[in-house]
Asks: 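This is the structure I want to talk about, given as structure tokens.
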Amino acid sequence: MKQSSWGCTIFIQLSLCLIVYVSLHLGHQSLSASNGGDNAGALDLHFISVSGGFRPLHRQTRLLRLMERVAETYKAKFVVRTSEHGGEDLLLLNDTRVSSSLKLPWYTTKNGSGSFREHIELPFGGSLDVVFVDTGSLQKEMMNGALNGSMIGQLKELAKILKAADGDWRIVAGSDPLFTYTLSNGSEEAKRVARTFQQITIKYGVNMYISEKGCTSGANNSSFTCIMVPNTSENQGSTNDSKREIEDGFLLHRVSFSEFVTYTINLSGQVIDTRIIKQKGKESI
């Protein structure tokens with residue numbers, strides 16, 4: 001019985017790896033059909049983005065195992081984690097317990113630390129800047145309705161960090177979709193903060209905003225793209241495990257000289273969405 005159980009486990013793991021591999025390459029084939037060829041190169045940088053927060057142990061383990069296989073297949077260099085729990089997040093604490101292959105650098109938001117930047121050199125030359133924003137504290141102050149000194153200070157700090165960023169690609173990561181308040185939600189003061197946040201990211205050439213709790217209807221801004229990291233927090237009340245499986249997952253990013261491609265992968269190993277950002281001025285290179 002033990003040998004049969006062991007064999008079943010190995011079969012399931014191999015099948016899961018095959019599903020991810022086929023799904024991603026089917027995605028490449030569809031890109032080939034529309035763009036005249038797959039632009040993936042040997043020097044492209046891959047990394048993973050994942051949301052933190054509570055998950056049942058079996059789902060957390062499955063997620064980490066799937067991330068491990070994708071990281072191995074695509075030689076991912078690091079993991080970006082969006083979470084309002086900081087360094088105490090359970091996913092971060094359990095990553096190396098579940099998978100030794102995920103002993104990669106994990107870059108994550110730090111509660112109460114404001115904004116900070118990670119600068120990553122790219123294999124083909126140039127660099128990537130990942131700027132983390134403590135959106136949790138900003139969001140709380142926005143809800144209070146008053147534009148106070150602390151909030152203004154955080155926005156100025158973000159502007160200072162982005163101004164100093166010299167990467168060819170620039171992404172901002174946070175747990176809250178701050179600029180959704182520019183549309184209809186929140187007080188007038190909250191809308192002002194959200195507009196300021198959005199103006200700062202546009203002014204300093206941010207290519208992408210990665211949010212744990214959604215975007216403005218998932219749509220692209222005229223200057224940068226907002227992408228939501230798959231998570232289950234938006235449907236805490238759902239008891240349908242298969243639905244949660246579809247919603248949970250992570251992002252695999254591929255960074256090249258001229259494009260930034262993001263694949264959304266669910267817990268079944270399926271690529272359910274692909275986003276492509278072209279570097280302005282380099283589309284034809």
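The analysis underlying the following values was restricted to heavy atoms, covering all of them including side chains, and did not include hydrogens, waters or symmetry mates. Numbers here simply count residues along the sequence, with the first being 1.
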Asks: So, Asp273 side chain and Thr264 main chain: donor-acceptor pair closer than 3.5 Å or not?
Replies: no

Asks: Which pair of non-hydrogen atoms, one from Ala165 and one from Asp129, has the smallest distance, and what is that distance?
Replies: CB-OD2, 3.3 Å

Asks: Measuring from Ile210:CD1 to Met228:CE, what's the distance to the nearest 0.5 Å?
Replies: 12.5 Å

Asks: List the residues meeting ring pair (Phe, Tyr, Trp, His ring centres under 6.0 Å) with Tyr204, not counting sequence neighbours, and say none if there are none.
Replies: none

Asks: What heavy-atom pair brings Met67 and Ile48 nearest, and what distance separates the two atoms?
Replies: O-CD1, 3.8 Å

Asks: Between Leu45 and Pro123, which heavy-atom pair has the shortest distance, and what is it?
Replies: CB-CD, 4.0 Å

Asks: Between Gln279 and Ser256 (side chain of the first, backbone of the second, donor and acceptor by atom type, cut-off under 3.5 Å), is there such a pair?
Replies: no

Asks: Under 3.5 Å, side chain of Thr61 to main-chain N/O of His58, donor-acceptor pair present?
Replies: no

Asks: Under the criterion side-chain contact (heavy atoms from CB on, under 4.5 Å), I'd like the reasoning laid out for Leu162 against Lys160: C-alpha separation, chi angles, the key distance, then a yes or no.
Replies: CA-CA 6 Å; Leu162 285 173; Lys160 182 179 179 180; over 6 Å; no

Asks: Measure the spacing between OG of Ser127 and CD of Glu121 and express it to the nearest 0.5 Å.
Replies: 5.5 Å

Asks: OG/Ser51 to CG/Leu63 distance, rounded to the nearest 0.5 angstrom?
Replies: 7.5 Å

Asks: Before you tell me yes or no, could you show the steps for Phe250 and Leu66 under side-chain contact (heavy atoms from CB on, under 4.5 Å), namely the whole-Å CA-CA distance, both residues' side-chain angles and the distance that decides it to 0.1 Å?
Replies: CA-CA 9 Å; Phe250 58 93; Leu66 184 58; 3.7 Å; yes

Asks: Heavy-atom distance under 4.5 Å between the side chains of His253 and Val261, does that happen here?
Replies: no

Asks: Could you grab the distance from atom CE of Met208 to atom CH2 of Trp169, nearest 0.5 Å is fine?
Replies: 8.0 Å

Asks: For Ser115, is there any backbone N or O sitting under 3.5 Å from a side-chain donor or acceptor partner on Glu157?
Replies: yes

Asks: Would you please indicate yes or no on a ring centroid separation below 6.0 angstrom for Phe116 and Tyr107?
Replies: no

Asks: Only one of Leu251, Val133, Val229 clears side chain to side chain contact (heavy atoms under 4.5 Å, CB included) with Thr82; which?
Replies: Val229

Asks: Rounded at 0.5 Å granularity, tell me how far CZ in Arg254 sits from CZ in Phe47.
Replies: 12.5 Å

Asks: So which heavy atom on Ile171 is nearest to which on Val206, and how close?
Replies: CA-CG1, 4.4 Å

Asks: Testing Leu43, Asp44, Leu122 one by one against Val255 for a side chain to side chain contact (heavy atoms under 4.5 Å, CB included), which residue passes?
Replies: Leu122

Asks: Search all heavy atoms of Glu118 against all heavy atoms of Ile120 and return the closest pair with its distance.
Replies: O-CD1, 3.8 Å

Asks: Test side-chain contact (heavy atoms from CB on, under 4.5 Å) on Tyr263 and Tyr74 and set out the steps.
Replies: CA-CA 12 Å; Tyr263 304 98; Tyr74 291 91; over 6 Å; no

Asks: Can you tell me how far CG of Leu104 sits from NZ of Lys77, rounded to the nearest 0.5 angstrom?
Replies: 9.0 Å

Asks: Could you go step by step and tell me if Leu252 and Thr262 meet the side-chain contact (heavy atoms from CB on, under 4.5 Å) rule?
Replies: CA-CA 6 Å; Leu252 172 67; Thr262 298; over 6 Å; no

